[in-house]
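See below for the structure under consideration.
Just so it is clear, the structure is predicted and the values come from calculations on it, not from any experiment. Order of the sequence lines sets the chain letters (A, B, ...), proteins ahead of strands, with each chain counted from 1.
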Amino acid sequence: MSSTHAQSGTGTNYLNCTKGMSSWLHTLDHKRIGIMYLFTVLSFFLLGGFFALLIRWHLFSPDHHLLSAGNYNKAFTYHGAIMVFLVIIPAIPAAMGNFVLPMMIGAKDVAFPRLNLFSYYIFVLGAIIALCSLFFGGADTGWTFYTPYSIHAGTTVIFVVLGAFVAGFSSILTGLNFIVTLHKLRAPGMTWSRLPLFCWALYATSIIQVLATPVLAITLLLLIFEQVFKIGIFDPKLGGDAVLFQHFFWFYSHPAVYIMILPSMGIISEVIPVFTRKPIFGYKAIAYSSFGIALIAFIVWGHHLFVSGQSEMANFVFSLLTMFVAVPTGIKVFSWVATMYKGSIRFNAPFLYALGFLELFTIGGMTGVFLATLAIDVHLTDTYFVIAHFHYVMVGGTLMGLMAGLHYWFPKMSGKMYCETSALISFVLIITGFNVTFFPQFILGAQGMPRRYWSYLPEFTLLNQISTVGSWFLGAGFLFSAYYFIQALRKGEQAPDNPWDSKSLEWWSPSPPPVENFLKDPVVTTWTYEYRSAKV
Amino acid sequence: MIFSEALAADSLPIQGSEIAARWDHLYLFLFWLSVFFFVLVVGGMIYFAIKFRHQKKHQPTYITHNHLLELIWSVIPTIILMVIFVWGYSVYHAMITPPDDAYEVRVIGKQWFWQFQYDDGRMTVDKVFVPVNKPVKFIMSSEDVVHSFFVPNFRVKQDVVPGMYTSVWFEATVPGRHQIYCAEYCGTRHSLMLADLYVLEPEQWIAWKAGKKLTGISEAGGGNPPSSGGDLVDQGRKVTTVKGCVACHSDDGSPKVGPTYKGLFGAKVELTNGSTVIADENYIRESIENPQAKIVKGFGPVMPSFKGLINEEEMNAVIAYIKSVK
């Protein structure tokens, strides 16, 4: 691979080609749309994080009662709904994917740029509708909207549900856009077997987005119909079936878990080879395992319903199938560690976050096996064990991947370098804060403390306090990283075109890239992971 | 092994039931397995990170894959996972399969309290009394939203769903008080939907059955005295009279407009569409609330729905009564 390595920080690029707010709002450039998603998602992350800190502060003591029961229930509802629908699902595909995917395959843009901008606007519209509910009293159903409670919970829940419904279309259309882009716009020489693993991961993710999200849309629409027109679908009082909703909901929301984690795994697969100076170990196995996970994702939703009254036979099958998720997941984890073997490793922030990912995700994955095991799940489900498990997966997995990607592509996106020392401090705060916050919750759950509890028994006090203190470090870590990123944007060092000496196509382009992405059309002649020597 | 048990004692609730010990074994197995894989992955990661850190004149080795290694780390986890699955299922099967002679208590979840109906017609709220070392089955329903009945000391949990019956069973081994939680979010006061489960020694159990005050258990008392409305079967019989059920359903086997109660419970019922069902709690409940759903062969679809006309307590009593007509 012969990249030009031209240092062209002074020419026109996608950031300075046109000026003014309206040039952003009307842009069809995937890079600008990616950046707009990124800022939007990070704003929601701030809001969701605010609710998280509020919840933890409230739980500092069993009878602290910072919040009333009603307000506490709203706080966890908005924390969950915002983080899931407005942060974790769109963060990597819509923000990072939009920016990076076309560049990684040597394309000038995504296949449907107009549709891409439209996706962004319906995402924002959905978010606005959902958050409007805050001004009408707020919803208190939890992000899962379980019936029949959600049917009687008042009309505010309709806003949240409608918002999630609308935002879902953004997810579907983005998935569609990526699939077509990957099929039609790969540069000459970018064969499927040379495709970067982040692109493979986004492909698998897109399939889930396109196939599963409509089910959520239908479910949410049925819920709205039932509330407004009193048609009995999910409410037994109207002749409906309460558990049916849970089936519909998880038929989407379980695959959604992989919408959240697969792109993050893709980023880890990019970062590890670059900073170990080695080809990714088991390229094919990692690529195929993404599809293995995507496939199994559709047939394991019932593991959320082990104690719902579902039949023993169904539980048997869903538990068995769920076990198989662990196999491709394990393959990926082992392959990443093996990639480090006999490498020449540098500890820049992206790699630190990859290590953080491996640590947290291993815990998240192993505790997933606990919950897949039928008998064990009976005691642990709906307790803090589940809370800890999915935070280890969602934060430990998705957010660590997002942070790795953010640091990794920041020089390309902004043309500036962030401060490594600050990034190290922030990383230590986040990883420590995270473990202190969530590890005690495994023990709380095993001891039997149920989730979504406004008050709790005194014997759970100490572990809750440790958890709350941890959340302060976690919050501080994220705030500090916001600070040094802003500092870098304002007065960071000019970034070279390829600061990490990466072999991937997006680094062929200047930092920041021109509107057309590349100064001359790239032709790919080798595999993406041809790392043969240490960075000099 | 000793360390393992100490760990269980520290981080898990007491073993208050037969199944708890089996549960704890599997849990600890998974715990140590996780420790092993954590050390393997994270330990390996840290070791590689240090050993292969960037150093001058040190070049990486070009390795792309190793089929044998990849086969090993695909196959071995698969085998381990299958062992876990089978083990987990076998404990689960025991957990949800009560013996036929289990003592039955009806549980009704309501926002935000638990109500318990006993065979002798008594009712208690937010506390329930069961005998030690005897299998006990709770037949549960909800009057409003989904709740979940959770006793950590027994390692059992079961959602309580409106519109249907679910059940949970256990054999308590430790007398005294055990905490009951609602584990499925059910609204504003979800976290206050707590109750006490009292496991009684044999002599206490006899005293409780006789309606005597129990010493040592605060003001636990004995619930509503059984004299008020007769036992649960009597209450159910009364409901069938008052609601007019007896006009169409006999209790002596004679056919009327509808099928008889005699010998119904637990029997195989043939339907007009040719299929058969077992007449259990959920079948009878459905036949009362939505009579057109399953029409018994030889009868017409003429019964009106009693949905909303019969409350959870009455439903429990009616089913107990039908169950008693053998």
Closest contact, heavy atoms only, [X] versus [Y]:
X	Y	answer
P236(A)	P162(B)	CG-O, 3.3 Å
L374(A)	G88(B)	CB-O, 3.9 Å
A183(B)	D382(A)	O-CB, 3.1 Å
A242(A)	V146(B)	CB-CG2, 4.3 Å
H379(A)	R155(B)	ND1-CA, 3.7 Å
W454(A)	L192(B)	CZ3-CD1, 3.9 Å

Could you look at [X] and say if it's the side chain, the backbone, both or neither that has a heavy atom under 4.5 Å from chain A?
X	result
E70(B)	side chain
I46(B)	neither
H93(B)	both
V161(B)	side chain
M45(B)	both
S191(B)	both
E286(B)	neither
V42(B)	side chain
F150(B)	side chain

Contacting region of [X] [heavy-atom separation from chain B under 4.5 Å]:
X	answer
I376(A)	both
D241(A)	neither
S68(A)	neither

Nearest 0.5 Å, what's the [atom1]-[atom2] distance between [X] and [Y]?
X	Y	atom1	atom2	result
K74(A)	T188(B)	NZ	OG1	8.5 Å
Y92(B)	S319(A)	OH	OG	9.5 Å
Y341(A)	N66(B)	OH	CG	10.5 Å

Evaluate the ring pair (Phe, Tyr, Trp, His ring centres under 6.0 Å) criterion for residues Y62(B) and W527(A): first the C-alpha distance (whole Å), next the side-chain angles of each, then the deciding distance (0.1 Å), finally the verdict. CA-CA 13 Å; Y62(B) 188 87; W527(A) 188 40; 7.3 Å; no
Parallel under 30°, tilted from 30 to 60°, perpendicular over 60°: which one fits the rings of Y453(A) and H190(B)? perpendicular
For chain B, which of D377(A), L380(A), T367(A) has the most heavy-atom pairs under 4.5 Å? L380(A)
Could you tell me whether F316(A) and F85(B) have their ring centroids closer than 6.0 angstrom?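 Yes.
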Are the aromatic rings of Y185(B) and Y146(A) close, with centres under 6.0 Å apart?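 That pair fails the under 6.0 Å test.
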Test applied, ring pair (Phe, Tyr, Trp, His ring centres under 6.0 Å); reference residue, F370(A); option that passes from F29(B), F31(B), Y27(B), W23(B):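 Testing F370(A) for a ring pair (Phe, Tyr, Trp, His ring centres under 6.0 Å) against F29(B), F31(B), Y27(B), W23(B) leaves exactly one candidate, Y27(B).
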Under 3.5 Å donor-acceptor, K342(A) side chain and P60(B) backbone: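 No.
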Taking H58(B) for its side chain and G343(A) for its backbone only, find out whether a donor-acceptor pair lies under 3.5 Å. yes
Assess, by modelled atom type and distance only, whether the side chains of E184(B) and Y149(A) contain a donor and an acceptor separated by less than 3.5 Å. no
Take atom NZ of K307(B) as the centre, draw a 6.0 Å sphere, and report whether it contains more than 12 heavy atoms from other residues, nucleotides or ligands. yes
